[in-house]
Amino acid sequence: MPPRPRAPRGPAGLAPGSPSGIGATTLGSGLPKVPRPRRSTPPERDPVITDELWARVEPILPVRVRRRRYPGRMPLDDRAVLTGILVVLARGIGFERLPKELGLGSGMTCWRRLRDWQQAGVWPGLAQLLAEELPDGKRIDFRRVATAAGPDTPVTRRPTPPRAKQPSAVAAEFGMTLLR
């Protein structure tokens with residue numbers, strides 16, 4: 001029995017119609033497990049909080065009091081968390097994408113501390129001070145985490161519009177509506 005003919009393969013061993021063979025990285029969405037190209041280039045270097053700047057920032061931050069009984073894990077240093085927040089804002093990434101290799105805590109820790117500072121009402125003044133004092137403060141988008149309302153407004157990670165309640169497809173088929 002003669003061997004079955006095989007489909008022609010390219011130089012990398014890929015079929016001509018495969019996603020990698022047709023330049024899937026340039027196509028972007030639509031193809032499964034293919035990363036989308038970055039929209040912006042990352043900064044040349046991440047923001048650094050100098051000792052002089054930290055001496056001006058530290059008195060502004062609220063002091064957190066730990067519980068005496070069952071204090072839990074020791075909280076991360078405010079300076080490291082603030083640096084993590086600035087890295088997220090400078091790179092234009094989400095908090096969940098903050099690299100742990102930088103040693104600035106997790107993105108969720110940075111987000112929670114930012115939320116606490118926003119609720120305490122110190123973030124607008126802190127953001128203005130950082131925008132003026134950091135060497136690359138003008139390129140950091142502080143509007144992305146600006147609080148539009150007062151300190152009583154809950155801060156969300158991702159704003160979502162409120163959705164109206166809709167009856168299920170089966171209920172709608174039988175003419176049922178929501179009474180509440």
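Summarising the geometry of Pro62 relative to Val122, their closest heavy-atom pair is CD-CG2, 3.8 Å, with the distance given to 0.1 Å. Smallest separation of non-hydrogen atoms from Ile140 and Pro47: CD1-CG, 4.0 Å. Leu104 and Cys110 get closest at one heavy-atom pair: O-SG, 3.7 Å.
Screening residues 65-75 for side chain to side chain donor-acceptor pair (under 3.5 Å), with sequence neighbours left out, gives no hits. Among pairs with a residue in residues 53-63, those fulfilling salt bridge (charged side-chain N to carboxylate O under 4.0 Å, His left out) read Arg56-Glu133, at least two apart in sequence or across chains. Sorted by first then second residue, the side chain to side chain donor-acceptor pair (under 3.5 Å) pairs that include residues 74-89, not counting sequence neighbours, are Asp51-Arg79, Arg64-Asp78, Asp78-Arg113.
Interatomic distance, CZ of Phe95 versus CG of Leu89, reported as 5.5 Å (0.5 Å rounding).
Residues that satisfy the side chain to side chain contact (heavy atoms under 4.5 Å, CB included) test with Arg143, not counting sequence neighbours, are Asp141.
A heavy-atom distance below 4.5 Å is found between the side chains of Leu86 and Phe142. Residues Val145 and Trp117 fail the side-chain proximity criterion, which asks for heavy atoms closer than 4.5 Å. When side chains are defined from C-beta on, Trp54 counts as touching Leu82, because their heavy atoms get closer than 4.5 Å.
More than 12 heavy atoms of other residues, nucleotides or ligands shown are found within 6.0 angstrom of CZ on Arg144.
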Table please: side-chain donor-acceptor pairs of residues 125-132 below 3.5 Å, with sequence neighbours left out.
from	atom 1	to	atom 2	distance (Å)
Gln128	NE2	Glu132	OE2	3.4

ask   = Does the side chain to side chain contact (heavy atoms under 4.5 Å, CB included) test come out yes or no for Leu98 and Arg91, once each step is laid out?
value = CA-CA 9 Å; Leu98 179 67; Arg91 291 185 181 185; over 6 Å; no
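Grouping the Ile, Leu, Val, Met, Phe, Trp and Tyr side chains by contacts below 4.5 angstrom, directly or via other members, places Ile85 apart from Val48.
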